[in-house]
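Here the structure is a predicted model, which means the values were calculated and not measured.
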Amino acid sequence: MLSLGVFVSGRGSNLQALFAAIESKRLDARIVLVLSNKAEAGGLALAREYGVPALHLAAGQFPSEVEYSRHLAALLTEHGVDFIVLAGYLQKIPSALIRQFHHRILNIHPALLPAFGGKGMYGHHVHEAVLDYGCKVSGVTVHLVDDDYDHGAPVLQQCVPVREDDTATSLAARVLEVEHEILPRAVQLFASGRIRIAGRRVTILEEKDII
Ligand code: GAR
């Protein structure tokens, strides 16, 4: 069973979706640690309600990136984390951690990457940019994390149609519903060994093809 470390920066509705999926047995994993770069993140309070260790940890608390990175790695080891989910986490992950957890870190992004991604593209900024561009569809991407923002290979993507009368708020709400469905589904694909990765191509195996 996967032992998840979930990183959050905000309210934690995607974290809630992971807890719900575990409770209803759609996701065969346990959440062993929740980390946030924001002390006041709703996701930390939520984790505590579920009795899961929830810690505030920010790069700025350490004299150097190397020490921050070492401390983070030690915490993940101490709690037995073997897979990381960035569920609305708005700080860059240290490169050393990305190497240590190669192909074992997922991020969720509220648009169809590679459009509307990269530094500064988070939360409502994404939906405003989608509407300003005049897009007819937006969506959700769950992807592997590499060293560049929003750049790793997609694992699952799903479209959300843009409506004529959409505001950033209304579009964000419909995108979020899809996020809550596909993030647990993506993690479950890893938990059940149904993912093969070749370069940027992530293949989802049928259960009968798993050896
Ligand atoms: C989600 O919409 C997630 O896709 C987005 O932050 C929100 C977090 O909501 N992430 C990004 O924009 C990353 N670039 P939540 O705290 O309720 O899960």
Side-chain angles (χ1 to χ4, degrees), residues 2 4-31 34-36 38 40-47 49-50 52 54 83-90 105-118 120-145 149-150 152-192 194-195 202 204:
L2 287 184
L4 306 178
V6 184
F7 290 27
V8 297
S9 294
R11 82 201 132 174
S13 71
N14 278 290
L15 171 64
Q16 170 71 68
L18 292 170
F19 277 124
I22 290 169
E23 276 183 338
S24 62
K25 304 207 183 306
R26 284 174 289 128
L27 173 55
D28 185 25
R30 58 185 156 232
I31 298 173
V34 173
L35 283 181
S36 181
K38 301 276 181 209
E40 69 284 2
L44 286 180
L46 178 69
E49 279 173 33
Y50 278 86
V52 169
F83 196 94
I84 296 173
V85 182
L86 308 183
Y89 188 65
L90 307 178
I105 310 180
L106 288 182
N107 180 47
I108 184 149
H109 186 76
L112 294 175
L113 292 174
F116 305 109
M121 273 294 173
Y122 60 89
H124 67 96
H125 299 292
V126 176
H127 307 295
E128 276 160 11
V130 166
L131 293 176
D132 287 349
Y133 196 87
C135 289
K136 302 296 185 189
V137 287
S138 188
V140 180
T141 303
V142 179
H143 65 93
L144 291 164
V145 171
Y149 272 112
D150 297 330
V155 175
L156 290 177
Q157 291 190 295
Q158 191 167 315
C159 293
V160 174
V162 175
R163 292 182 186 154
E164 305 285 320
D165 61 350
D166 257 332
T167 61
T169 306
S170 63
L171 179 58
R174 289 203 317 289
V175 167
L176 195 64
E177 276 181 37
V178 174
E179 293 185 43
H180 295 165
E181 268 175 47
I182 76 167
L183 181 60
R185 210 189 311 148
V187 179
Q188 177 57 20
L189 290 171
F190 283 84
S192 56
R194 290 183 55 199
I195 293 288
V202 176
I204 299 168

Check your understanding: For the residue pair V175 and G139, what are the closest heavy atoms and their distance?
Key -> CG1-O, 3.7 Å

Exercise for review: Taking H109 for its side chain and F116 for its backbone only, find out whether a donor-acceptor pair lies under 3.5 Å.
Suggested key: yes

Check your understanding: Heavy atoms, side chains only, cut-off 4.5 Å: are Y89 and N14 in contact?
Key -> no

Revision key, fill the gap. Distance col, row L86:CG vs H143:NE2, nearest 0.5 angstrom, shows 8.0 Å

Practice item. Taking all heavy atoms of A191 and all of D28, pick out the closest pair and write down the distance. Key: CB-O, 3.6 Å

**Study point:** Whether S36 side chain and L44 backbone form a donor-acceptor pair below 3.5 Å
**Key:** no

Check your understanding: Any chance OH of Y149 has more than 12 other-residue heavy atoms, nucleotides or ligands included, within less than 6.0 Å?
Key -> yes

Point to revise | Smallest separation among heavy atoms of A153 and V202, with atom names | key: CB-CG2, 3.9 Å

Practice item. Start with the C-alpha distance between V6 and F19, add both sets of side-chain angles, then the distance that settles side-chain contact (heavy atoms from CB on, under 4.5 Å), and finish with yes or no. Key: CA-CA 11 Å; V6 184; F19 277 124; over 6 Å; no

Practice item. State, to 0.1 Å, how close L113 and D150 come at their nearest heavy-atom pair, and which atoms those are. Key: CD1-O, 3.5 Å

Point to revise | Check: S192/R194 side-chain N/O donor and acceptor closer than 3.5 Å | key: no

**Study point:** S138 side chain to H127 side chain, donor-acceptor N/O pair below 3.5 angstrom
**Key:** no

Point to revise | 4.5 Å side-chain heavy-atom contact, K136 and R163 | key: no

**Study point:** Spacing of H124 atom NE2 and T167 atom OG1 [to the nearest 0.5 Å]
**Key:** 12.5 Å

Review point. What's the verdict on side-chain contact (heavy atoms from CB on, under 4.5 Å) for V140 and Q157, showing C-alpha distance, side-chain angles and the deciding distance?
Key: CA-CA 5 Å; V140 180; Q157 291 190 295; over 6 Å; no

Exercise for review: With rounding to the nearest 0.5 Å, note down the distance linking CD in E181 to CG in L156.
Suggested key: 11.0 Å

Check your understanding: Side chain of S24, backbone of A20: donor and acceptor closer than 3.5 Å?
Key -> yes

Revision key, fill the gap. d(L15 CG, L46 CG) to nearest 0.5 Å is 5.0 Å

Practice item. Could you tell me which non-hydrogen atom of L112 sits nearest to which non-hydrogen atom of C159, and how far apart they are? Key: CD1-SG, 4.0 Å

Exercise for review: Measure across P161 and R174 and return the closest heavy-atom pair with its distance rounded to 0.1 Å.
Suggested key: O-NH2, 2.7 Å

Check your understanding: If we only count heavy atoms from C-beta on, is the I204 to I195 side-chain gap below 4.5 Å?
Key -> yes

Review point. Would the number of heavy atoms belonging to other residues, nucleotides or ligands and lying under 6.0 Å from OH of Y50 be above 12?
Key: yes

**Study point:** Separation of T141 OG1 from L106 CG (nearest 0.5 Å)
**Key:** 12.0 Å

Point to revise | Inter-residue atom distance Q188.CD - L18.CG, 0.5 Å rounding | key: 11.5 Å

